**Student:** 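This is the structure, below, for whatever I ask next.
Every number for a ligand or one of its atoms is a count from 1 in the order of the listing. Nothing here was measured: the structure is a model prediction, and the numbers come from that model.
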Amino acid sequence: MVAVDNLTVSYRQHPALHHISGQFVAGALTAVMGPNGSGKSTLLKSIMGLLKPAGGQVRTDTPRARIAYLPQMTEIDRSFPLQVRDCVLLGAWGSVGVMGGISRSLQARADAAIHTVGLAGFERRAVGSLSSGQFQRVLFARLLLQDAQLILLDEPFNAMDARTTAALLDLIHQWKAEGRTVIAVLHDDAQVHAHFDQTVLLARELVAWGPTAQVLTEPNVQRARALAEAWDDTADICHNDEVLA
Ligand code: ADP
Ligand code: MG
């Protein structure tokens, strides 16, 4: 269960989310949609507890260790020297612990996850040498190992080729079949209509929240766009003052 009560999140007094309330349906696939700068990433970070609300709250009974979070690709540093298999194994970090060591069965699970995302044979490749599509597959393999109840994905298909997108969408459906809750920031209307039960449409304020067919309507999308156009006049962007919880 994840619920948002009258949530306001600000960066240096500029609200990125303004009085948002609603409840995510457990076990469903929910899309978070809205124009650029509408607060989608801010909502995911707030659910993760990475940002401190200026008002209201996020409530969840899912322990932090059972929440998986895939940040927007642009926020991930992959210049560090790490092999694909080790990067995937990091997904099990929470359950292994510092002294736990990596068991043979865990290695086998990591290799199975690498296989599932279509990267068999890449186990020893440096992550920095992968294409962005291959790297996104690695991150999904890592999520497979994490065994999370709640999975937060920020633009998981951005700049992905069609084949990778289809493969990762299959995984998301598999997660749903396993009873996991998935919340994903997405951009493609047709994709959301086809695959996501629920949609949250944001424009800093909440435009609509509910079943996708009722939320992702032309009037709602236009309203979100109109709200976004009104911000441009007063654009005031600063990227250095995230409030860390
Ligand atoms: P989205 O993911 O929908 O594109 P974000 O949640 O990233 O939107 O950002 C919402 C608004 O908050 C934008 O106007 C953005 O410029 C601003 N913002 C995001 N992160 C920061 C930050 N660290 N510092 C200041 N402003 C920020
Ligand atoms: Mg974003």
**Student:** Could you label the plane-to-plane angle of the His173 and His195 rings as parallel, tilted or perpendicular, counting under 30° as parallel and over 60° as perpendicular?
**Tutor:**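 It falls in the tilted class, 30° to 60°.
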**Student:** Can you list the ligand 1 atoms lying under 4.0 Å from a non-hydrogen atom of Arg204?
**Tutor:**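 Ligand 1 atoms under the 4.0 Å threshold to Arg204: 14 (O).
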**Student:** Side chains of Glu205 and His19: any donor to acceptor distance under 3.5 Å?
**Tutor:**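 The answer is no; no qualifying pair exists.
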**Student:** What atoms in ligand 1 come closer than 4.0 Å to a heavy atom of Ala16?
**Tutor:**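 Reading through ligand 1 atom by atom, the close ones are 10 (C), 11 (C), 12 (O).
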**Student:** Is there a polar contact between ligand 1 and Thr42, counting only N or O atoms under 3.5 Å apart?
**Tutor:**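 Looking only at distances, the answer is yes, because the N/O contact criterion of under 3.5 Å is met.
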**Student:** For Gln23, which residues count as a side chain to side chain donor-acceptor pair (under 3.5 Å) partner, sequence neighbours excluded?
**Tutor:**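 So Gln23 forms no side chain to side chain donor-acceptor pair (under 3.5 Å) with any residue.
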**Student:** If the cut-off is 4.0 Å to any non-hydrogen atom of Ser38, which atoms of ligand 1 fall inside it?
**Tutor:**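 Here the atoms of ligand 1 in question are 1 (P), 3 (O), 8 (O).
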**Student:** Main chain of Gly34, side chain of Lys40: is a donor-acceptor contact present, judged purely on distance under 3.5 Å?
**Tutor:**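 Checked: pair present.
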**Student:** Can Asp61 and Arg66 be counted as an ion pair, charged N to O under 4.0 angstrom?
**Tutor:**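 No, Asp61 and Arg66 are not salt-bridged.
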**Student:** Which pairs count as salt bridge (charged side-chain N to carboxylate O under 4.0 Å, His left out) when at least one residue sits in residues 110-135, sequence neighbours excluded?
**Tutor:**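 The answer is Arg85-Asp111.
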**Student:** Quick one: which of His14, Lys40, Gln72 has a heavy atom closest to atom 3 (O) of ligand 1?
**Tutor:**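 Comparing heavy atoms across His14, Lys40, Gln72, the nearest one to atom 3 (O) of ligand 1 lies in Lys40.
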**Student:** Which one of Leu227, Val215, Leu202 satisfies the side-chain contact (heavy atoms from CB on, under 4.5 Å) criterion with Val207?
**Tutor:**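 Of all the options given, the one that passes is Leu227.
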**Student:** Is the count of non-hydrogen atoms from other residues, nucleotides or ligands lying under 6.0 Å from His115 atom NE2 greater than 12?
**Tutor:**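 12 or below, so no.
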**Student:** According to the ring-ring contact (aromatic ring centres under 6.0 Å, His included) rule, which pairs have a member within residues 40-75, sequence neighbours left out?
**Tutor:**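 Sorted pair list comes back empty.
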**Student:** For the Mg ion (ligand 2), report each protein N, O or S atom nearer than 2.8 Å, sorted by chain and then by residue number.
**Tutor:**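 Only Ser41 OG, Gln72 OE1 fall inside 2.8 Å of the Mg ion (ligand 2).
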**Student:** If we only consider heavy atoms of Gly39, is any one of them less than 4.0 Å away from an atom in ligand 1?
**Tutor:**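 Judged by the 4.0 Å heavy-atom criterion, Gly39 does count as contacting ligand 1.
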